[in-house]
Structures are given as C-alpha cells and as structure tokens.
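Each remark here refers to the structure printed beneath this line.
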Amino acid sequence: MNDNDLERRLRAESGPREQGYLPSKLPATVESAPERRPSRALRLAILVPAVVAGVAVVAVAAAVLNGSGPDGVGGGGTPTPLASSSPPEVTYCQQQDVTFEAEAWGGAAGSRGTVVTVRLADGRYPCRFAPVPGARIDVRGATLVESETAGMDATRTLDAGMPAEFSVTWSNWCGELHDSVDLVVLSGGIEFPVAVPQGIGAMPPCMGENTPSTLSVTDLSPAP
C-alpha cells in the first residue's frame with residue numbers, strides 16, 4: 001500500500017470524537033440557551049438577598065452617622081439639651097454701656113452749671129450707676145476741682161428707655177482762667193468724659209480769695 005492509498009483510507013474512517021455524535025440545534029439567541037442563563041426563580045433567589053443586604057448596610061451606616069448606635073458611638077442616641085441663655089449679671093456701667101448729653105454751661109449767683117442726662121447705650125444690658133455721681137474739672141489733664149462725692153456706690157440700675165439726669169455746679173474760682181475745661185463724671189470707680197457745650201463759659205467768678213472752690217453734684221433722678 002502506497003502513501004496515497006493510506007491517506008484515502010484514513011480520510012474515509014471517522015475519528016473517535018466523531019463516533020456516536022448527534023448534532024443538536026443551536027439556540028436562536030443566547031437568552032434562550034438553557035445551560036447559559038439561570039432560571040427566573042434562581043435569579044430572584046440571588047437578587048433579593050443582595051438587595052436586603054445592601055439596605056441593611058445603608059441603615060447601619062446612617063445609624064452610626066446620626067449617633068444612634070446602641071453602644072453610644074457617634075454621640076449617643078439622646079442629644080444633650082442646650083443650656084438656656086439668660087441675661088448677664090448686672091454690673092457697674094462701663095464707658096461703652098452709657099451715653100451722656102449735657103446742656104451748655106450756664107450761670108447763676110456767681111456759679112456755673114450744667115444738667116447731664118445719662119442713658120443706656122443701644123444694644124447694651126442694664127448696668128449700675130452711682131445714685132450720686134462724682135465729678136471733676138480738668139484742664140489739659142490737670143485737676144482744678146473735684147466733688148466731695150466720688151460716685152463709688154453704684155447701686156442705681158440704668159435700664160433701656162429710662163434715662164436719668166443730674167446737675168453739676170461749680171462755684172468760686174479764683175485761679176487762672178481758661179478758655180475751656182473738661183468735665184469728667186465718676187461712677188463705680190469708672191471715669192466718664194462728658195462733652196459740655198461752651199455756653200457762657202465754665203469758669204465761675206471769684207467770690208472770695210479765702211473761700212474754696214467747690215464742685216457739687218445732685219442725686220440721679222428720672223429724666224423728663
């Protein structure tokens with residue numbers, strides 16, 4: 001047997017993988033292949049637990065972020081109530097707490113005087129002011145005369161919308177004359193510079209060389 005006869009014989013015989021082979025029809029689409037796509041029931045069995053697990057993870061994460069975990073991690077389940085705000089304790093008036101308005105210097109019976117109105121500044125809490133304020137007359141930082149009352153007893157409470165007033169009277173000045181002076185009001189150990197319009201001038205006339213110069217302040221009273 002030559003090579004050509006051997007080749008024709010081998011081609012005529014079926015191989016071992018071809019023996020007993022039964023052809024089957026291919027599915028029209030991949031979707032219709034039973035061995036490649038799980039059944040609808042199987043797909044639901046896989047999908048539902050996955051969705052439930054995802055919802056559970058989101059719920060746990062939200063609980064931790066909101067501080068509602070059972071072990072108190074993240075701030076605890078019960079929020080701490082905020083402390084209620086209350087007005088501060090009434091203390092002595094400071095310069096920023098009050099405003100002053102003074103009348104121009106006037107004169108009578110050899111004296112000079114002014115009426116000063118004090119009121120609580122806008123937006124400030126009530127504060128304590130001296131029922132009898134102190135006063136001082138300065139010129140370029142040097143004191144010329146000071147009242148006997150120092151205004152240390154700051155027990156009068158100034159409230160919003162309730163201004164008060166007092167008068168300052170200066171008598172018998174025999175020293176050097178000045179074109180202008182500075183009025184300083186005293187209360188609770190605090191100094192309050194008060195601008196007074198010039199008027200007839202603050203310097204009172206000399207009523208006697210042997211008579212001391214005096215500065216007097218009246219009690220604090222409700223302003224009209």
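The side-chain hydrogen bond (donor to acceptor under 3.5 Å, both in side chains) search around T149 returns none, not counting sequence neighbours. Evaluation of the side chain to side chain contact (heavy atoms under 4.5 Å, CB included) rule for I190 yields Q94, Q95, F192 as partners, not counting sequence neighbours.
Sorted by first and then second residue, the ring-ring contact (aromatic ring centres under 6.0 Å, His included) pairs involving residues 197-224 (not counting sequence neighbours) form an empty list. The stretch residues 129-224 participates, sequence neighbours left out, in these disulfide (SG to SG under 2.5 Å) pairs: C174-C206. Sorted by first and then second residue, the pairs that involve residues 106-149 and meet disulfide (SG to SG under 2.5 Å), not counting sequence neighbours, are C93-C127. Sorted by first and then second residue, the salt bridge (Lys or Arg N to Asp or Glu O under 4.0 Å) pairs with a member in residues 134-161 read R136-D138, R136-E191; sequence neighbours excluded.
Between the CZ atom in F129 and the OH atom in Y92 there is a gap of 12.0 Å [rounded to 0.5 Å]. The CZ atom of F166 lies 12.0 Å from the OG atom of S216; values are rounded to the nearest 0.5 Å. Between the CZ atom in R128 and the CD atom in E89 there is a gap of 6.5 Å [rounded to 0.5 Å]. Summarising the geometry, atom CG belonging to L220 is positioned 6.5 Å from atom CG belonging to L158; distances are rounded to the nearest 0.5 Å. Between atom CE of residue M203 and atom CD of residue E176 there is a gap of 8.0 Å, rounded to the nearest 0.5 Å. Note that OG of S147 is 6.5 Å distant from CG of L186, once rounded to the nearest 0.5 Å.
For Y125, the OH atom counts as loosely surrounded, since its 6.0 Å shell holds 12 or fewer non-hydrogen atoms of other residues, nucleotides or ligands.
Here the side chain of D97 pairs no donor or acceptor atom with the backbone of R124 at under 3.5 angstrom.
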